[in-house]
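Here is the structure we will look at, set down as structure tokens.
Along the sequence shown, the residues carry numbers beginning at 1.
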Amino acid sequence: MQRVMLLLLFAGLVVFPFLADQYWIYLACLVAIHIVGTTGLNILTGYTGLISVGQAAFMSVGAYTVAILEIHVGTPFIFNLIAAGVVAAGVGAIFGVPSLRVKGLYLAIATIAASFILHFLYTNGPSILGGTQGLSMPPARLFGYDFVRPFQLYWLFVPLTALSVFAAANLFRTRIGRAFIAIRDRDISAEVLGIPLLKYKLLSFALSSFYAGVAGGMWAYFFRVVTPESFPLIYSIFFLAAVIVGGMGTILGGILGAIFMTVIPELLKLLVSYMTFIPDATAQLSPIRTIVFGLLIVMFLLFEPQGLAETWRRIRRFFHLWPFKK
């Protein structure tokens with residue numbers, strides 16, 4: 001059954017860009033970027049139990065790395081994305097050092113510092129960073145072909161996202177992944193068992209930031225303009241909300257949370273646009289749309305704290321057992 005579902009998913013992803021219009025393909029590319037970023041944060045927060053509100057800041061490191069390499073070096077697309085992940089991993093590990101001493105809310109506040117420090121650096125740092133105007137970069141180029149439109153970028157982003165999710169899923173079958181889970185469940189017990197906390201906490205920060213850097217690089221290729229304002233603190237909260245809504249500590253949760261947080265606001269916007277009987281509906285109902293979206297998140301926290309992943313598991317169990325129910 002699982003293989004059939006995977007085949008159907010693969011077929012749907014292949015057919016989708018030929019049936020959808022440019023708007024939905026654009027949205028699919030954005031979802032792919034957000035899945036990579038959310039998966040990275042889930043490694044840190046969901047599996048290791050370390051709260052971070054700096055995911056967007058580490059994405060900005062990847063975005064600036066890609067932009068600088070494209071503009072000044074001209075290295076290949078794949079190399080730039082890997083470099084973006086590596087540089088972001090290094091920066092993330094530095095900001096992960098406080099995790100040895102503090103946790104919970106205190107660690108979250110420490111990671112917020114990354115947003116302010118990096119924003120100051122981009123604005124007042126070397127001229128290579130572009131200052132307040134940021135950087136405009138050329139399109140992604142692979143095998144001599146430019147990837148400019150969302151339809152073209154879709155064929156780069158979706159395989160990259162699938163590879164990232166596959167790697168994350170297999171990470172937790174290794175000793176490293178099991179060490180992360182042990183730290184999340186009880187860090188003192190993990191240390192007694194011989195797991196070096198500093199090493200694995202920094203490794204978790206580095207892996208999470210690597211994913212953020214790759215997502216930031218994809219973001220840079222998608223929009224092709226990187227500025228200090230491109231990755232605000234609210235964007236980090238977006239990713240944290242995606243992890244919570246999707247389901248902490250599950251790979252599927254990261255995927256579903258990213259889809260929910262990206263698509264639902266657009267669906268609400270589309271719904272408002274159809275309310276033609278209200279004069280200037282889009283402007284009038286925009287605050288209500290934001291409130292409804294916030295209420296949906298609150299409802300998940302109240303009625304399904306384990307997130308969309310648990311909802312999906314319940315649906316699967318229901319339909320699997322339904323023919324045998326009395």
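Residues satisfying the ring-ring contact (aromatic ring centres under 6.0 Å, His included) test with Phe223, not counting sequence neighbours, are Trp219. By the side-chain hydrogen bond (donor to acceptor under 3.5 Å, both in side chains) test, Thr75 is found to be paired with Asn80, residues two or more places apart in sequence or in another chain being considered. Qualifying salt bridge (charged side-chain N to carboxylate O under 4.0 Å, His left out) partners for Glu310, counting only residues two or more places apart in sequence or in other chains: Arg313, Arg314, Arg317. Partners of Thr65 under the side-chain hydrogen bond (donor to acceptor under 3.5 Å, both in side chains) rule, at least two apart in sequence or in another chain, do not exist in this structure. In this view, Arg224 satisfies the salt bridge (charged side-chain N to carboxylate O under 4.0 Å, His left out) rule with no residue, not counting sequence neighbours. With sequence neighbours excluded, the residues satisfying side-chain contact (heavy atoms from CB on, under 4.5 Å) with Ile264 are Phe260, Leu267, Leu268, Phe293, Leu296.
Within 6.0 Å of CZ on Phe16 lie more than 12 heavy atoms contributed by other residues, nucleotides or ligands.
Pairing each heavy atom of Pro17 with each of Trp155, the nearest pair is CG-CZ2, 3.3 Å. Nearest heavy-atom pair across Ser236 and Ala56 is OG-N, 2.9 Å. Across Leu240 and Ser52, no two heavy atoms sit closer than the pair CD1-O, 4.2 Å. Nearest heavy atoms, Gly62 versus Ala84: O-CB, 3.4 Å. Nearest heavy atom pair, residue Gly92 against residue Ser209, reads CA-OG, 3.1 Å. Here the closest heavy-atom approach between residue Gly213 and residue Ala88 is recorded as CA-CB, 3.5 Å.
When hydrophobic clusters are built by joining Ile, Leu, Val, Met, Phe, Trp and Tyr residues whose side-chain heavy atoms come closer than 4.5 Å, directly or via intermediates, Ile255 is grouped together with Tyr154. A single hydrophobic cluster is seen to contain both Leu9 and Val263, as judged by linkage of ILVMFWY side chains at heavy-atom distances under 4.5 Å, directly or through other members. Residues Phe222 and Ile78 fall within the same hydrophobic cluster, defined by Ile, Leu, Val, Met, Phe, Trp and Tyr side chains chained together at heavy-atom separations under 4.5 Å. When hydrophobic clusters are built by joining Ile, Leu, Val, Met, Phe, Trp and Tyr residues whose side-chain heavy atoms come closer than 4.5 Å, directly or via intermediates, Ile71 is grouped together with Leu121. Cluster membership for Ile109 and Ile234, using ILVMFWY side-chain heavy atoms within less than 4.5 angstrom, is shared.
Considering only heavy atoms from C-beta on, Phe239 comes within 4.5 Å of Met59 through its side chain. Using a 4.5 Å cut-off on side-chain heavy atoms (C-beta onward), Gln152 and Tyr145 make contact. Taking 4.5 Å as the limit, every side-chain heavy atom of Phe58 sits out of range of all side-chain heavy atoms of Ser115. Using a 4.5 Å cut-off on side-chain heavy atoms (C-beta onward), Leu233 and Ile112 make contact. Looking at Phe95 and Ile117, their side chains come closer than 4.5 Å, going by heavy atoms from C-beta outward. Side-chain contact check for Val53 versus Ile237: some heavy-atom pair is nearer than 4.5 Å. Inter-residue side-chain proximity for Phe10 and Leu6 is flagged as unmet; no heavy-atom pair is nearer than 4.5 Å.
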Check against side chain to side chain donor-acceptor pair (under 3.5 Å), Tyr211 and Gln55: CA-CA 9 Å; Tyr211 273 76; Gln55 194 73 344; over 6 Å; no
Working for side chain to side chain contact (heavy atoms under 4.5 Å, CB included), residues Val66 and Met218: CA-CA 9 Å; Val66 162; Met218 293 165 67; over 6 Å; no
Test side chain to side chain contact (heavy atoms under 4.5 Å, CB included) applied to Leu107 and Leu50, step by step: CA-CA 8 Å; Leu107 180 58; Leu50 303 174; 3.8 Å; yes
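Of the inter-residue distances, the one linking Leu203 atom CG with Tyr200 atom OH reads 7.5 Å to the nearest 0.5 angstrom. Here the CE-OG1 distance, from Met248 to Thr45, works out to 5.5 Å after rounding to the nearest 0.5 Å. In this structure, Leu69 CG and Ile82 CD1 are separated by 11.5 Å, a value rounded to the nearest 0.5 Å.
Residues Phe147 and Tyr221 keep their aromatic ring centres 6.0 Å or farther apart. A distance of 6.0 Å or more separates the ring centres of Tyr122 and Phe120.
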Validation: residues 175-188 side-chain donor-acceptor distances under 3.5 Å, sequence neighbours left out:
from	atom 1	to	atom 2	distance (Å)
Arg178	NH1	Arg173	O	2.9
Arg184	NH1	Gly46	O	3.0
Asp187	OD2	Lys103	NZ	2.7

Side-chain donor-acceptor pairs of residues 18-43 under 3.5 Å, sequence neighbours excluded:
from	atom 1	to	atom 2	distance (Å)
Asp21	OD1	Tyr23	N	3.2
Asp21	OD1	Trp24	N	3.1
Tyr23	OH	Glu266	OE1	2.5
His34	ND1	Thr262	OG1	2.7
His34	NE2	Tyr235	OH	2.7
Thr38	OG1	His34	O	2.7
Thr39	OG1	Ile35	O	2.7
Asn42	OD1	Gly249	N	3.1
Asn42	ND2	Thr250	O	2.7

Donor-acceptor list for residues 130-143 side chains, cut-off 3.5 Å, not counting sequence neighbours:
from	atom 1	to	atom 2	distance (Å)
Arg141	NH1	Asp146	OD1	2.6
Arg141	NH1	Asp146	OD2	3.4
Arg141	NH2	Gly144	O	3.2

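The other members of the hydrophobic cluster of Val298, by chain and number, are Met299, Leu302, Phe303 (side-chain heavy atoms under 4.5 Å, ILVMFWY only). Under the 4.5 angstrom side-chain criterion for Ile, Leu, Val, Met, Phe, Trp and Tyr, Ile94 has no cluster partners at all.
The closest donor-acceptor contact from the side chain of Tyr106 to the backbone of Pro98 lies at 3.5 Å or more, if one exists at all. Side chain of Ser230 to main chain of Thr227: a donor-acceptor pair is present (N/O by atom type, distance under 3.5 Å, no hydrogens or angles). Remark: side-chain polar atoms of Ser208 are not paired, donor with acceptor, to backbone N or O of Ser204 under 3.5 angstrom. The backbone N or O of Leu171 sits less than 3.5 Å from a side-chain atom of Thr174, completing a donor-acceptor pair.
Applying the salt bridge (Lys or Arg N to Asp or Glu O under 4.0 Å) test to every pair with at least one member in residues 226-250, sequence neighbours left out, gives no pairs at all.
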